[in-house]
Peer 1: 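Below you'll find the structure I mean.
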Amino acid sequence: MTDAAALPGQPRGGVLSGPATARAVNVLAPNANAMTLDGTNTWILSEPDSPLAVVVDPGPLDEGHLQQVIATAEKAGKRIALTLLTHGHPDHAEGASRFSDLTDTHVRALDPSLRLGDEGLSAGQVVEVGGLEIRVVPTPGHTADSLCFHLPADQAVLTGDTILGRGTTVVAHPDGRLGDYLDSLRRLRSLTVDDGVHTVLPGHGPVLEDAQGAVEFYLAHRAHRLAQVETAVENGHVTAAEVVATVYADVDRSLWPAAELSVRAQLEYLREHGLI
């Protein structure tokens, strides 16, 4: 068995659902598959002594899950006062409208089409609920509307699908762009260096105890894949499907359609930079 401390980001072992930091509790959605790993992490955030809570990514439209999120908050003596979205993919956001009805809360997101209420989210914005401070960090790349949420009091960052608790994520071309994604990873690295962030609360998979290590791993992985794609093209593999079959030959074929999205983003990046 591999020591978790030796893995990128030092993933935390044990049950995924439950308290993760002093201010963050995870309720795992029952939508596990090859893309969502163990399922979507729905985060309940609150100051320990506050009666108010914020929910990040209600997850899929699963009534049982949404009710469990509410029950978990209520058991802790919390009332959900606001819902935030890291991005609009259905495994994170499909249940938001129903959750808004159940909790009588507004839904705030970067994409106006996902909002329920008058307020959105923007880069550098600080959201405060019940004394809890949540800083909005723009991290486009996985999707154009991807955001991360920095919890200064816990030295933690909620990363949605920008950084996962296990494995790597997809640059969902054409909405996702590799150049944007690399810039977003560098932005997250700055949080670890300049703002003391050491914990990653991901959208899928276990909590990571070494945020900087996770970011460095992701940057190195992307550089390695980009070099592989460039070499594949030089060897005559022209289409994204051909590149996937060469570069991702050791990856489960069920994941090849997602890999092809990333390859399309990589090919676009290489063309834009005159490398192919």
Side-chain angles (χ1 to χ4, degrees), residues 11 15-18 20 24-45 54-70 72-73 80 82-103 105 107-116 121 137 139-149 157-177 181 184 200-208 214 218 251-252 254-262 265:
V15 179
L16 295 180
S17 282
V25 174
N26 181 31
V27 181
L28 183 64
N31 62 332
N33 60 48
M35 291 297 294
T36 63
L37 305 181
D38 309 274
T40 300
N41 294 333
T42 294
W43 292 101
I44 303 173
L45 310 178
V54 176
V55 164
V56 176
D57 290 351
L61 183 55
D62 182 293
E63 187 74 12
H65 173 63
L66 301 180
Q67 294 287 357
Q68 185 182 3
V69 173
I70 296 168
T72 300
I80 298 168
L82 180 64
T83 302
L84 305 178
L85 297 178
T86 61
H87 66 296
H89 279 168
D91 57 313
H92 293 258
E94 185 184 36
S97 179
R98 173 60 178 158
F99 192 70
S100 173
D101 291 340
L102 291 170
T103 58
T105 60
V107 176
R108 295 177 65 177
L110 180 62
D111 184 347
S113 71
L114 299 171
R115 300 171 188 169
L116 295 172
L121 294 170
V137 183
T139 50
H142 169 68
T143 61
D145 69 328
S146 288
L147 298 171
C148 290
F149 299 116
V157 61
L158 286 83
T159 55
D161 282 355
T162 299
I163 292 180
L164 305 179
R166 184 170 68 251
T168 56
T169 196
V170 173
V171 179
H173 185 271
D175 184 46
R177 294 173 55 85
Y181 185 65
S184 293
V200 172
L201 306 176
H204 304 279
V207 171
L208 300 178
Y218 265 65
V251 174
D252 187 331
S254 69
L255 298 176
W256 279 18
E260 186 169 329
L261 296 179
S262 285

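Quick note: numbers below take in every heavy atom, side chains included, and nothing from hydrogens, waters or symmetry partners.
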Peer 1: Between T42 and H65, is any side-chain donor less than 3.5 angstrom from a side-chain acceptor?
Peer 2: yes

Peer 1: Is it the case that T143 and S146 place a side-chain donor and acceptor less than 3.5 Å from each other?
Peer 2: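 Yes - a donor-acceptor pair under 3.5 Å links their side chains.
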
Peer 1: Just so I know, are the side chains of N41 and L28 near enough to count as touching, which here means a heavy-atom distance under 4.5 Å?
Peer 2: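 In contact.
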
Peer 1: Show the nearest heavy-atom pair for residues I70 and F99, with the distance to one decimal.
Peer 2: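 What the structure gives for the nearest pair is CG1-CE1, 3.7 Å.
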
Peer 1: What is the minimum heavy-atom distance between D111 and D145, and which atoms define it?
Peer 2: CB-OD2, 3.9 Å

Peer 1: Rounded to the nearest 0.5 Å, what separates atom OG1 in T168 from atom CD1 in I163?
Peer 2: 11.0 Å

Peer 1: So, using ring-ring contact (aromatic ring centres under 6.0 Å, His included) as the criterion, who are the partners of H204 when residues are at least two apart?
Peer 2: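 H204 satisfies ring-ring contact (aromatic ring centres under 6.0 Å, His included) with H92 once adjacent residues are dropped.
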
Peer 1: With heavy-atom distances below 4.5 Å as the criterion, would you say the side chains of L116 and S97 are in contact?
Peer 2: yes

Peer 1: Using every non-hydrogen atom in the two residues, find where V251 and W256 come nearest and quote the distance to one decimal.
Peer 2: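 Answer, listing the atom of V251 first, then W256: O-NE1, 3.2 Å.
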
Peer 1: Any donor and acceptor pair, going by atom type alone, linking the side chain of R115 with main-chain N or O of L110 inside 3.5 Å?
Peer 2: yes

Peer 1: Any side-chain donor paired with an acceptor under 3.5 Å for N31 and T40?
Peer 2: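 Yes, a side-chain donor-acceptor pair sits under 3.5 Å.
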
Peer 1: Does D38 form a side-chain contact (heavy atoms from CB on, under 4.5 Å) with R166? I'd like the steps, not just the answer.
Peer 2: CA-CA 10 Å; D38 309 274; R166 184 170 68 251; 3.2 Å; yes

Peer 1: What distance do T103 atom OG1 and R98 atom CZ have between them, rounded to the nearest 0.5 Å?
Peer 2: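 It comes to 10.0 Å.
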
Peer 1: Once you round to the nearest 0.5 Å, how far does OG1 of T159 lie from NE2 of H142?
Peer 2: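 Those atoms lie 10.5 Å apart.
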
Peer 1: Nearest heavy-atom pair of V170 and L261: which atoms, and what distance?
Peer 2: CG1-CB, 4.0 Å

Peer 1: Mind running side-chain hydrogen bond (donor to acceptor under 3.5 Å, both in side chains) on T169 and D161 for me, showing each step along the way?
Peer 2: CA-CA 6 Å; T169 196; D161 282 355; 5.2 Å; no

Peer 1: Work out which heavy atom in L85 is nearest to a heavy atom in L114; give both atom names and the distance.
Peer 2: CD1-CB, 3.9 Å

Peer 1: For the pair T36 and N33, evaluate side-chain contact (heavy atoms from CB on, under 4.5 Å) and give the outcome as yes or no after the intermediate values.
Peer 2: CA-CA 5 Å; T36 63; N33 60 48; 3.2 Å; yes

Peer 1: Between D57 and G160 (side chain of the first, backbone of the second, donor and acceptor by atom type, cut-off under 3.5 Å), is there such a pair?
Peer 2: no

Peer 1: With a 3.5 Å distance limit and no angle check, can you tell me whether S100 reaches the backbone of T105 through a side-chain donor-acceptor pair?
Peer 2: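 Between the backbone of T105 and the side chain of S100 there is a qualifying donor-acceptor contact (under 3.5 Å).
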
Peer 1: Is any side-chain heavy atom of L158 less than 4.5 Å from a side-chain heavy atom of L45?
Peer 2: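 Yes, at least one pair of side-chain atoms sits under 4.5 Å.
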
Peer 1: So does P202 get a backbone contact from the side chain of W43, meaning a donor-acceptor N/O pair under 3.5 Å?
Peer 2: yes

Peer 1: If we ignore hydrogens and angles and just use 3.5 Å, is the side chain of S262 paired with the main-chain N or O of V171 as donor and acceptor?
Peer 2: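 Here the side-chain-to-backbone pair exists.
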
Peer 1: How close do S184 and P140 get, counting heavy atoms only, and between which atoms?
Peer 2: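 What the structure gives for the nearest pair is OG-O, 2.6 Å.
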
